[in-house]
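The block underneath contains the structure these notes are about, expressed in C-alpha cells.
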Amino acid sequence: PHTDSGGNKKRVCYYYDPRISYVDYGETHIMVPHRVAMTHGLINTYGLLDDMDLLRVAPATEEDLKVAHSEEYLDLLRRLTPASYKHDAATREAAERHGLGVVRDRRTGCSTNDNPVIEDLWDYCLRYTGGSLAAARALAGGGYDVAVNWSGGMHHACEGGASGFCYVNDIVVAVRALLGRFGRVLYVDIDAHHGDGVETTFLEESRVMTVSFHQYDGKGFFFPGTGGVDDVGGASYRALNVPLEAGTGDELYHEMFGPITERVMQVFRPDAVVLQCGHGRSQLESWCGADSLAGDRITGLELSVRGHAKCVRLLLSYGVPLLLLGGGGYTINYVASCWCYETAVAIGREIPDEIPQHGYQEYYQSQGYKLHYHEARSGNSDAQMKKMDKVKKRVMAQLDHLSA
Ligand code: TV1
Ligand code: CA
Ligand code: ZN
C-alpha cells in the first residue's frame, strides 16, 4: 500500500537526536531547535516510524567538518563557550570576526545576535551534522532511496564563519559524502532565504549544481540580500537563483518550481538530489516589518503545507536518491506540521488532517489541531504572474547554457 505514484515503495531512513531539541539559542531568538522534537512527536503519533529505519548514529567528528570549514574556524568553535566569550576579550574578538556573538553590521550599523554563543555549541554542531552525514552515507550505501534529517539544512554557514543561525554547514559535508559515490549531485533549496553558503562553496565544483528559490527584494533588506536572477555562478551556470516576491502563494510558486526543476533534471542529470526544506513562509514580520524597515512590509512566502510538500513529491518522482533536510521555519507548530506531512509523503502514505492526541497536542490548538492549517491562497495577481514569467524565461535561458 505504501507506494508512490509510480507504484514503487521508497526505502526511507530517518535521523532524530533528542539531544538537539534541548539546544537553546536564547529566550528571544526565533530559531527553536525544540521544533524537531515536536516534528518527531507528530511523526511518532501518526505511526510513521513503522515505515522508516531510524538512524541512530554517533555525532560527526572534527575531521568530518574539515571538508566544509577552515581549521581556524573549527578551533574557535570547539573551544567557544558562553563563559569564554564573556570573560576572555581575545576569544570574544575572535568569535565576532567569525560571525558569532553580538556582531555589528558594517553597512547598517545595527548590532545583531543571529549566531549566539550558546551552551554546548560544538556538541550541537557535531550532532546535526552527524545526522546529515549519516543520511548521506545511507544513500551512498545504496540501501535507501530517501534519507531525512530535519535538524540539518544549515545553508548559510560558510568556510570561515557562522551566518544566519548556521554555525556548521552540514549540507556541504553531506554533499561531499554523496560525491564519494554519486557522479553529480543537485542541491535544491526551498527555504525562504537564499542558500548562499552552499552556493558559494560549490561554485568551482563541476559535479554539483545549486538551485535556490527564495524571497528577494532587490534592495538587500531581506537576508542575506544575495541570489538575484542573474547570479548564476559566473560562466559555469551551475548556480541558479529564483528570486520571489513576498506574498508568493502555491500557484505562482509552482509555475516556477515544476518547470525549472524539470529542466534542471534534464540538463544536469543528477545521480542524487539534496532538498533543503526550510519552511516556505518566513515569519519575520514582527522584526523586519514597518518599524525596522520603513515602509517595506515583509510578508514572507505564502505556501500551504501541501504546496511546500509538492516540492518533495516532485523531486521524489524522478526516482533519484533524495536527501531531505530541514532549515528555517519560525512558527514551530507550522514547521512540525509541514515536516511531518513531508515525511509521510516520502514514505508514500496518506495521513489524516486531524492531529492525533499526543504529548505536544496543546501546540496545535491555534490551528484547530489540523495538519493543514492554511489552505492554498487563491492566485497571485496577473501583474505578479507576468513578472514571474519573465524571471522564469531568464532562468530557462540560463539553463540552455548547460545543455550545450
Ligand atoms: C536574536 C533574538 C536574534 C531575536 C534574529 C531575523 C534574532 C532575528 C532575533 C532575525 C530575529 C534575521 C539579518 C541583520 C543581518 C541580519 C536556518 C543586518 C525576529 C536557515 C537567517 C535570517 C535565516 C537572519 C536562516 C536575519 C534560515 N532575520 N529575532 N535575524 N543584519 N539576519 O537580517 O535561512 O532560515 O527576527
Ligand atoms: Ca532558498
Ligand atoms: Zn530561511
Side-chain angles (χ1 to χ4, degrees), residues 17 19-34 59-132 151-173 193-201 220-226 284 286-288 291-293 327-328 330:
D17 182 343
R19 296 276 292 266
I20 287 172
S21 58
Y22 297 106
V23 171
D24 186 0
Y25 276 67
E27 217 174 316
T28 61
H29 204 287
I30 55 172
M31 175 56 97
V32 179
H34 177 63
T61 64
E62 180 161 3
E63 211 51 37
D64 296 328
L65 272 46
K66 283 185 183 161
V67 304
H69 298 284
S70 67
E71 299 218 9
E72 186 195 320
Y73 178 48
L74 293 177
D75 279 340
L76 171 74
L77 261 190
R78 187 170 11 78
R79 65 187 163 85
L80 203 53
T81 63
S84 68
Y85 178 73
K86 192 167 171 205
H87 301 298
D88 180 41
T91 301
R92 186 162 56 246
E93 271 162 41
E96 285 159 15
R97 267 201 314 280
H98 292 87
L100 286 136
V102 180
V103 175
R104 223 180 143 78
D105 188 82
R106 260 187 261 133
R107 198 168 56 91
T108 61
C110 294
S111 290
T112 40
N113 195 7
D114 277 356
N115 316 304
V117 178
I118 57 180
E119 213 65 67
D120 301 319
L121 177 57
W122 181 241
D123 185 66
Y124 168 53
C125 293
L126 296 180
R127 284 176 191 274
Y128 74 73
T129 305
S132 300
S151 63
M154 307 309 265
H155 59 172
H156 298 304
C158 53
E159 203 242 344
S163 171
F165 319 156
C166 308
Y167 303 94
V168 164
N169 199 315
D170 60 296
I171 305 168
V172 170
V173 174
H193 297 94
H194 176 219
D196 55 353
V198 184
E199 177 184 292
T200 306
T201 301
F221 290 143
F222 192 74
F223 186 86
T226 47
L284 305 179
S286 59
W287 188 73
C288 298
D291 50 346
S292 48
L293 302 172
Y330 307 103

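Worth knowing before you read on, the calculation uses all heavy atoms, side chains too, and leaves out hydrogens, waters and symmetry mates. Along the sequence shown, the residues carry numbers beginning at 1.
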Looking at every heavy atom in both Gly160 and Ser70, which two are closest together, and how far apart are they?
CA-OG, 4.1 Å

Check: His155/Asp196 side-chain N/O donor and acceptor closer than 3.5 Å
no

Which atom of Val67 lies closest to which atom of Asp64, heavy atoms considered
CG2-O, 3.4 Å

Under the criterion side-chain contact (heavy atoms from CB on, under 4.5 Å), I'd like the reasoning laid out for Tyr124 against Ile20: C-alpha separation, chi angles, the key distance, then a yes or no.
CA-CA 6 Å; Tyr124 168 53; Ile20 287 172; 3.9 Å; yes

ring-ring contact (aromatic ring centres under 6.0 Å, His included) partners for Tyr73, two or more places apart
His69, His98

Ring-ring centroid check Phe223 His194, cutoff 6.0 Å
no

Pair listing, salt bridge (charged side-chain N to carboxylate O under 4.0 Å, His left out) test, anchored in residues 75-95, at least two apart:
Glu62-Arg78, Asp75-Arg78

Mind checking whether Ile171 and Thr201 have side chains closer than 4.5 Å, heavy atoms only?
no

Leu126 CG to Asp17 CG distance, which is reported to the nearest 0.5 Å:
11.0 Å

Looking only at heavy atoms, which two atoms of Gly197 and Asn169 are closest? And how far apart?
C-ND2, 3.9 Å

Has Asp120 got a side-chain atom pairing as donor or acceptor with Asp123's backbone, closer than 3.5 angstrom?
no

Nearest 0.5 Å, please: how far is CG in Asp114 from CE in Met31?
10.5 Å

I'd like to know whether the aromatic ring centres of Tyr330 and Phe165 sit less than 6.0 Å apart in this structure.
yes

If we only count heavy atoms from C-beta on, is the Ile118 to Asp24 side-chain gap below 4.5 Å?
no

Heavy atoms of Ser151 and Tyr128 approach each other most closely as O-CB, 3.5 Å

Side chain proximity check, Pro116 to His29, heavy atoms < 4.5 angstrom:
yes

What distance do Leu76 atom CG and Thr91 atom OG1 have between them, rounded to the nearest 0.5 Å?
7.5 Å

Which atom pair, heavy atoms only, marks the closest approach of Asp170 to Gly152?
OD2-CA, 3.2 Å

Given side chains that start at C-beta, do those of Leu77 and Val168 come closer than 4.5 Å, heavy atoms only?
yes

Please collect all salt bridge (charged side-chain N to carboxylate O under 4.0 Å, His left out) contacts where either partner lies in residues 95-104, sequence neighbours excluded, each pair once.
none

Determine whether a donor-acceptor pair (N or O, by modelled atom type, separation under 3.5 Å) exists between the side chain of Thr108 and the backbone of Cys110.
yes

Check: Ser84 side chain, Leu80 main-chain N or O, donor-acceptor pair, under 3.5 Å:
no

In Å, rounded to the nearest 0.5 Å, how long is the span from CD1 of Ile30 to OH of Tyr25?
10.5 Å

Would you call Val117 and Tyr167 a side-chain contact if the rule is heavy atoms closer than 4.5 Å?
no

Calculate, to the nearest 0.5 Å, the distance between atoms CG and SG belonging to Leu74 and Cys125 respectively.
9.0 Å

For Gly164 and His156, work out which heavy atoms get closest and say how close.
O-CD2, 3.5 Å

